[in-house]
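Working notes for the structure below.
Each chain gets a letter, A, B and so on, in the order its sequence line appears, and its residues count up from 1.
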There are 2 protein chains.
Amino acid sequence: MKISELSRRTGVPVASIKYFLRQELLPAGRATAATLAEYGDEHVQRLRLIKALTALGGLSIAATRNVLAAIDQADSSEGALGAVSYALPVPMAAQSAAGDEEEAEADATAGAEVAELLAALNWQAPGTSPHVQGLTSALKELRRLDARYAPGELAAYARLAESVARLDLERAAGVDDPVALAERAVIVFAICAPVFELLRRLAQEDQVRRRAAGDGAEAASPR
Amino acid sequence: MKISELSRRTGVPVASIKYFLRQELLPAGRATAATLAEYGDEHVQRLRLIKALTALGGLSIAATRNVLAAIDQADSSEGALGAVSYALPVPMAAQSAAGDEEEAEADATAGAEVAELLAALNWQAPGTSPHVQGLTSALKELRRLDARYAPGELAAYARLAESVARLDLERAAGVDDPVALAERAVIVFAICAPVFELLRRLAQEDQVRRRAAGDGAEAASPR
DNA sequence: CTCAACAAGATACTGCCACTATCCAGTACT
DNA sequence: AGTACTGGATAGTGGCAGTATCTTGTTGAG
């Protein structure tokens, strides 16, 4: 199909498709002549994925490019999952102005806290993982805001996160082709994470309501 | 203190402080003359909060303004929590081009799905809640991407979300002043939500590693 | 008292990002 | 032959988040 047809089928303006081509989010069509190329269903699907990542997942073009590249390079199933997980933008990717010594100390404290947490949970994660780094800088910032987690609190969250992750992986199970798996993983990570956030907010809302109704007393149905 | 001192204490450039004043993120100082104003500790704290929300929480200036306004208007504790929760930007705030009929149908299906979920969980939430709407459009989009949740799967996530929310509220408990509570809630919502996301990713990472080690077999320590 | 240094506020400018529009040869159908 | 459309290159747009400059006013050291 030609570009106009691709546009019609996906609802993406022709100019935007050209933009995505330039940005290498979308592979070029098969050229049939100097000014003519043929696009296929894979382009339709890729465009849908791009729209999902940018519009719903809120990813930038650059982040989307990384994620898509990770998908395309996926050769094994685990590789696919890992690559996608690393390619997705990490919340709170540090910022802190360069290091005076007070800064360095806060860094070390937060780092130790993270290491301790990982050990307590028996989670394996390389210190180079962007997630570990993100967690470290988040804890540092919370400390600065005087809102650090109480001891054990973070671990409690982590255990729940573990359960959520278990569900996530089950959702991704049963897909064998690495590329299809990577694509599924992107959706799970980028779209379903916000869904969980929404559920969490709804749950908070509900519990606030219950407490208000019960006049500040206990939350209803603690089990 | 004068603006330059405020800048020195917070590390925010003077020009940016002026920008925040213009954007009404920061209340004006107490004017002592036509070209002189006095700032206080509350300005230091507010600036810290602004930085946390924008740099860490990734909120836009407009979103930050809403959140801060919600904080300032908080008169009761529940009101504070609700206002903050609603003021924070909702992930995936819909997009879908206007309604052909296929569209409307998808809308209705997703809406019913959400209503059913809420009923099953016995959660109270008005249909006007931005979270309900966000959830609806997310489900719609997942359906379009052919990645909908299996029956019961969403409820399983929701139950975990409930546990997380319970932890959240405990974290916010014990603060009586509505404004302080609202501020705490903002931190919990905007900073700790990304923290949970990081934990989730780490947990996924760990489990993928375990499965790979166990050569695709079961996840280690399912309990 | 004077004057350099700083203050507040208004306005204008900058850089980045995600598009969007225009232009140019080069097909393709009729 | 002519019109409509194509791919590709390049330039322009609008929004956002600051940053810089300019004007007028204030202050405090000499």
Side-chain angles (χ1 to χ4, degrees), chain A residues 1-40 43-44 46-68 89 93 95 97 190, chain B residues 1-40 43-44 46-68 89 92-93 95 97:
Chain A
M1 86 193 74
K2 306 198 193 133
I3 204 172
S4 57
E5 166 98 14
L6 185 57
S7 168
R8 202 185 48 68
R9 280 219 232 170
T10 58
V12 178
V14 170
S16 300
I17 295 178
K18 288 186 177 183
Y19 173 66
F20 294 149
L21 285 168
R22 274 199 307 284
Q23 296 298 316
E24 299 185 62
L25 301 189
L26 196 62
R30 193 173 49 81
T32 59
T35 62
L36 228 25
E38 180 72 11
Y39 301 92
H43 290 93
V44 174
R46 177 53 65 101
L47 265 179
R48 249 197 275 277
L49 186 57
I50 291 170
K51 271 184 80 174
L53 289 175
T54 56
L56 271 79
L59 303 204
S60 69
I61 294 295
T64 304
R65 180 169 41 235
N66 288 345
V67 171
L68 294 175
Q95 29 137 33
Chain B
M1 85 193 74
K2 305 195 194 135
I3 204 170
S4 57
E5 166 99 13
L6 185 58
S7 167
R8 202 185 47 69
R9 280 219 232 167
T10 57
V12 178
V14 171
S16 300
I17 295 178
K18 289 186 177 184
Y19 173 64
F20 294 150
L21 286 167
R22 275 201 306 283
Q23 297 298 316
E24 300 186 64
L25 299 190
L26 196 62
R30 193 174 48 80
T32 60
T35 63
L36 228 24
E38 180 72 11
Y39 300 92
H43 290 94
V44 175
R46 176 53 66 100
L47 266 178
R48 251 198 274 277
L49 187 57
I50 291 170
K51 271 184 80 174
L53 289 175
T54 55
L56 272 81
L59 302 205
S60 69
I61 294 295
T64 305
R65 180 169 40 235
N66 288 344
V67 171
L68 293 176
M92 40 194 33
Q95 28 137 33

Check the phosphate of [N] against [X], side-chain N and O only, distance under 4.0 Å to OP1 or OP2. Yes or no?
X: A:Ser16; N: C:dA18; value: no
X: B:Thr35; N: C:dC6; value: no
X: B:Ser4; N: C:dA7; value: yes

Select base, sugar-phosphate, or nothing to describe what [X] touches, counting heavy atoms under 4.0 Å on all strands.
X: A:Ala37; value: sugar-phosphate
X: B:Thr54; value: nothing
X: A:Ser60; value: sugar-phosphate
X: B:Ala34; value: sugar-phosphate

Would you kindly give the [atom1]-to-[atom2] distance between [X] and [N], to the nearest whole Å?
X: A:His43; N: D:dG7; atom1: NE2; atom2: P; value: 11 Å
X: A:Arg30; N: D:dG7; atom1: CZ; atom2: P; value: 13 Å
X: B:Ile61; N: C:dC17; atom1: CD1; atom2: C1'; value: 16 Å
X: B:Tyr19; N: D:dT21; atom1: OH; atom2: P; value: 19 Å
X: B:Phe20; N: D:dG18; atom1: CZ; atom2: P; value: 5 Å
X: B:Glu38; N: D:dT27; atom1: CD; atom2: P; value: 12 Å
X: B:Gln23; N: D:dG15; atom1: CD; atom2: P; value: 14 Å
X: B:Leu6; N: C:dA7; atom1: CG; atom2: C1'; value: 13 Å

Item checked: Nearest-nucleotide comparison on DNA chain C, the residue closer to the 5′ end among A:Leu36 and A:Arg22 -> A:Arg22
Note to self: Any heavy-atom pair between the side chains of A:Tyr19 and A:Ile61 that's under 4.5 Å?
What the structure shows: yes
Notebook entry, point to check: Do A:Val14 and A:Lys18 come close enough that some side-chain heavy atom pair is under 4.5 Å?
Noted result: yes
Next item on the list: Without swapping roles, check the side chain of B:Ser7 against the backbone of B:Val12 for a donor-acceptor pair under 3.5 Å.
Entry: yes
Margin query: Could you check whether atom CD of B:Gln23 has more than 12 heavy atoms from other residues, nucleotides or ligands sitting under 6.0 Å from it?
Written below: yes
Note to self: What's the closest nucleotide to the side chain of A:Ala33 if the choices are C:dT27, C:dA8, D:dG18?
What the structure shows: C:dT27
Checklist line | Proximity to the side chain of B:Tyr39 - top-ranked nucleotide from C:dA8, C:dT27, D:dG7 | finding: C:dA8
Notebook entry, point to check: Nearest nucleotide by nearest heavy atom, which residue falls closer to the 5' end of DNA chain D, A:Met1 or B:Ala15?
Noted result: A:Met1
Margin query: What I want to find out is whether B:Glu5 reaches B:Arg8 closely enough, with some N-O distance under 4.0 Å, to be called a salt bridge.
Written below: yes
